[in-house]
**Student:** 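The structure's right below; bear with me while I get my questions together.
Numbering of residues begins at 1 and proceeds along the displayed sequence.
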Amino acid sequence: MFDSDILMIDDSESFCETVIDLIQEERGWGIEYVLNGELALQRLSEKTYKVILLDLKMPGMSGLELLSKLIEKDMIAKNYIIVLTGEITIENAVNSLQFGARDFVQKPSIVEF
């Protein structure tokens with residue numbers, strides 16, 4: 001049913017690689033990343049993922065704009081989206097959840113399995 005476990009959408013390649021190293025080493029899950037919203041839309045039209053990790057603050061298309069596009073394309077319900085961002089505000093959290101994200105996590109975060 002799913003092509004891969006996780007798609008990470010974040011403009012920081014070094015952060016993506018750090019998260020990938022942690023997740024693959026600890027859990028062996030398949031994780032891919034793209035560095036902007038436009039590439040994310042393209043990838044999500046081609047493949048399905050169990051989880052999407054989404055940054056809010058990115059150049060070009062923001063994470064909230066991407067969520068809005070996913071709503072327009074009726075792709076929210078089939079994706080479990082977790083917003084993972086350094087821009088933690090009540091407004092961002094509420095907006096993310098109203099746009100269909102399932103959870104909101106502040107980065108950098110320390111993850112232990």
**Student:** Could you give the distance from OH (Y49) to CD1 (I9), rounded to the nearest 0.5 Å?
**Tutor:**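 The CD1 atom of I9 is 9.0 Å from OH of Y49, to the nearest 0.5 Å.
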
**Student:** Under the salt bridge (charged side-chain N to carboxylate O under 4.0 Å, His left out) rule, what pairs show up with a residue in residues 6-21, not counting sequence neighbours?
**Tutor:**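 Qualifying pairs: D10-K107.
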
**Student:** Can you list, pair by pair, the side-chain donor-acceptor contacts under 3.5 Å of residues 90-102, counting residues two or more places apart and other chains?
**Tutor:**
residue, atom, partner, partner atom, Å
N92, ND2, E87, O, 2.7
N92, ND2, T89, OG1, 3.4
N95, ND2, E91, O, 3.3
S96, OG, N92, O, 2.7

**Student:** Show your reasoning for whether side chain to side chain contact (heavy atoms under 4.5 Å, CB included) applies to V34 and Q42.
**Tutor:** CA-CA 10 Å; V34 293; Q42 179 181 346; over 6 Å; no

**Student:** Supply the atom-to-atom distance C16 SG to L35 CG, rounded to the nearest 0.5 angstrom.
**Tutor:**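 One gets 6.0 Å once the value is rounded to the nearest 0.5 Å.
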
**Student:** Just how far is it from atom CG of D103 to atom CD1 of I82, taken to the nearest 0.5 Å?
**Tutor:**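 Those atoms lie 6.0 Å apart.
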
**Student:** Locate the shortest heavy-atom distance separating G30 from S4; write the atom from each residue and the value.
**Tutor:**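 So the minimum-distance heavy-atom pair works out to O-OG, 3.6 Å.
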
**Student:** Applying the side chain to side chain contact (heavy atoms under 4.5 Å, CB included) criterion to V105, which one of L53, V83, L84 satisfies it?
**Tutor:**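 With V105 as partner, L53, V83, L84 yield a single side chain to side chain contact (heavy atoms under 4.5 Å, CB included), made by L84.
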
**Student:** To the nearest 0.5 Å, what is the distance between CG on L7 and NZ on K50?
**Tutor:**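 That separation rounds to 14.0 Å.
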
**Student:** Check whether any side-chain heavy atom of N79 lies under 4.5 Å from a side-chain heavy atom of T48, and answer yes or no.
**Tutor:**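 Of all side-chain heavy-atom pairs linking T48 with N79, none is under 4.5 Å.
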
**Student:** Only one of V19, I20, V51 passes side chain to side chain contact (heavy atoms under 4.5 Å, CB included) with I6; say which it is.
**Tutor:**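 One option only clears the test, and that one is V51.
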
**Student:** Under 3.5 Å, sequence neighbours excluded: what are the donor-acceptor pairs made by side chains of residues 55-68?
**Tutor:**
residue, atom, partner, partner atom, Å
D55, OD1, T85, OG1, 3.2
S62, OG, L64, N, 3.4
S62, OG, E65, N, 3.1
S62, OG, E65, OE1, 3.4
E65, OE1, S62, N, 2.7

**Student:** Once rounded to the nearest 0.5 Å, what's the spacing between atom CD1 of I31 and atom CD1 of I23?
**Tutor:**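 Here the rounded value is 4.0 Å.
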
**Student:** Would you say that K47 contacts R43 through its side chain, given a criterion of any heavy-atom pair below 4.5 Å between the two side chains?
**Tutor:**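 Yes, side chains in contact.
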
**Student:** Should I52 and L44 count as side-chain neighbours, where that means a heavy-atom distance under 4.5 Å?
**Tutor:**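 Contact flag for I52/L44 side chains = yes.
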
